Amino acid sequence: MAEANAGVRRLLADSGEPRGWVPLRADLVTALLGVWFGVGLMIDAWAHTNRSDLETFFTPWHAAFYSGFAAVSGWIIWQVFRNVRLGRQGVAAVPQGYLAGLVAIPAFALFGLADMTWHTVLGIETSVDILFSPSHLGLIVTMLLIITTPLRSAWNAPDAGVRPSLGRLFPALAGLAFAATLVSLFLSYGDALQYRSARVVEAFSSVDGPGAEHLATSMVISNVVLLAPVLLVARRWNLPFGAVTVMYTIAVLMPGAQTAFENAPTLLTFVAAGLASDVLIRLLRPSGARRGAYWAFAGLSAFVTWSLYIGVASAAGGGLPAVPELWTGAPVVAGLIGLALGALFLPNALPADAADAGRA
């Protein structure tokens, strides 16, 4: 036992070499396996939302979810083991951007064990209580760290630069977008993407009852969840055309899974909003060094997104809502919140050389 402990200590002792980056193809595999992981969670979320007969932890839905965890975890560990075989030890063996994901792997496994115990003792959640289960919250935080590994890897990667191509940035965008879907899942009680068109029109057609208040609150929450990740990467990189479309396309998958894609017009609205935001990026060229353009993009992107939301809902749901103050003012509120987020993310313009160096 003493010899084994000594061997472990020698393995964990940092050998001191500078940590390097994995190649783009390795990040791409990490991202794609993260997609498996994320889609497995979406399948499980669908089952918890739409199946009332769940009575055991051992279900096909959990199998899809945990197999994704096993796949992406095995791949991350392999990236570290390859460096160990080259003689590196400790942190020096962990590629840049992969340390947090590596640490999250055993933590996720422990929360998975806790989740199995929780379900066995207390049963299976099928309502809003699923979003407050301590074991589920632990799973989601550690999962977020794992699937955003490609983002951290790309953040200061020497081959990314400040103007990466869409292909170079895709693993980072996919990981970040799936992280946003995890947040939206655990804020499902305030997710405007789950509304059907007719329900949007109905909610904004009366000030009596909680319908208008619930929709307005959901729009605020969803606006922040969608836009904040975009502003994060727009502060770091000059985003290539298509970046926001990729992120918003991924973002609609979770609410789509939860509603069995019965609200397709609403979901497609956000794909169109992603494309509109890409056009705004092309026109405004927001960046960490161009604060005015960055703020303008933040406000206009949110305003256009939620104007499309109201417009498509009205077209598909039988006409404009009956309360004009609500359907005209809601996109303006969204735009002002977007502007506030832009000011929060970038209170002062960065020097051009600092932005280029990736210190944004």
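What you see is a predicted model, and the numbers here were worked out from it, not measured in a lab.
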Q: Indicate if Val72 and Leu24 have the same hydrophobic cluster label, given that clusters are the connected sets of ILVMFWY residues with side-chain heavy-atom separations under 4.5 angstrom.
A: no
Q: Any idea which heavy atoms bring Ile281 and Pro286 closest together, and the distance?
A: O-CD, 3.6 Å
Q: For residues Asn238 and Arg163, report the shortest heavy-atom separation together with the two atoms involved.
A: ND2-NE, 3.2 Å
Q: Just so I know, are the side chains of Leu253 and Gln258 near enough to count as touching, which here means a heavy-atom distance under 4.5 Å?
A: no
Q: For the pair Val84 and Gln89, evaluate side chain to side chain contact (heavy atoms under 4.5 Å, CB included) and give the outcome as yes or no after the intermediate values.
A: CA-CA 6 Å; Val84 172; Gln89 295 177 193; over 6 Å; no
Q: Do Thr30 and Thr149 have a side chain donor and acceptor closer than 3.5 Å?
A: no
Q: Do the side chains of Leu326 and Ile310 join up, straight or via other hydrophobic residues, at under 4.5 Å, putting them in one cluster?
A: yes
Q: Would you say the side chain of Val304 lies within less than 4.5 Å of the side chain of Ser277, judging by non-hydrogen atoms?
A: no
Q: For the side-chain contact (heavy atoms from CB on, under 4.5 Å) test, which of Leu33, Ile146, Val22 pairs with Ile76?
A: Ile146
Q: Do Trp327 and Val201 have side-chain heavy atoms sitting under 4.5 Å apart?
A: no
Q: Measuring only between side-chain heavy atoms, which start at C-beta, is Leu239 closer than 4.5 Å to Leu169?
A: yes
Q: Between Ser197 and Thr266, is a side chain to side chain contact (heavy atoms under 4.5 Å, CB included) present by the stated rule, with each step listed?
A: CA-CA 7 Å; Ser197 297; Thr266 299; 4.1 Å; yes
Q: For residues Ile147 and Ala179, report the shortest heavy-atom separation together with the two atoms involved.
A: CD1-N, 3.6 Å
Q: State whether a side-chain donor-acceptor pair under 3.5 Å links Thr245 with Asp278.
A: yes
Q: Is it true that the side chains of Asp27 and Tyr98 contain a donor and an acceptor less than 3.5 Å apart?
A: yes
Q: What's the shortest heavy-atom distance between Leu284 and Ala293, and which atoms?
A: O-CB, 3.3 Å
Q: How close do Arg152 and Gly101 get, heavy atom to heavy atom, and via which atoms?
A: NH2-N, 3.3 Å
Q: For the residue pair Phe108 and Phe37, categorise the inter-ring angle as parallel (less than 30°), tilted (30 to 60°) or perpendicular (more than 60°).
A: perpendicular
Q: Answer yes or no: is there a side-chain heavy-atom contact under 4.5 Å between Tyr248 and Thr305?
A: yes
Q: Give the intermediate values and the outcome of ring pair (Phe, Tyr, Trp, His ring centres under 6.0 Å) for residues Trp306 and Phe270.
A: CA-CA 9 Å; Trp306 295 97; Phe270 288 92; 5.2 Å; yes
Q: Assert yes or no for the condition that the ring centre distance of Trp21 to Trp155 is strictly below 6.0 Å.
A: no
Q: Can you get from Ile140 to Ile221 by hopping between Ile, Leu, Val, Met, Phe, Trp and Tyr side chains that sit under 4.5 Å apart?
A: yes
Q: Please say yes or no: joined through hydrophobic side-chain contacts below 4.5 Å, possibly via intermediate residues, are Phe303 and Leu336 part of one cluster?
A: yes
Q: Locate the shortest heavy-atom distance separating Arg290 from Arg285; write the atom from each residue and the value.
A: NE-O, 2.8 Å
Q: In terms of the angle between their ring planes, are Phe81 and Trp78 parallel, tilted or perpendicular, with boundaries placed at 30° and 60°?
A: tilted
Q: Quick one: are the ring centres of Phe204 and Tyr195 less than 6.0 Å apart?
A: no
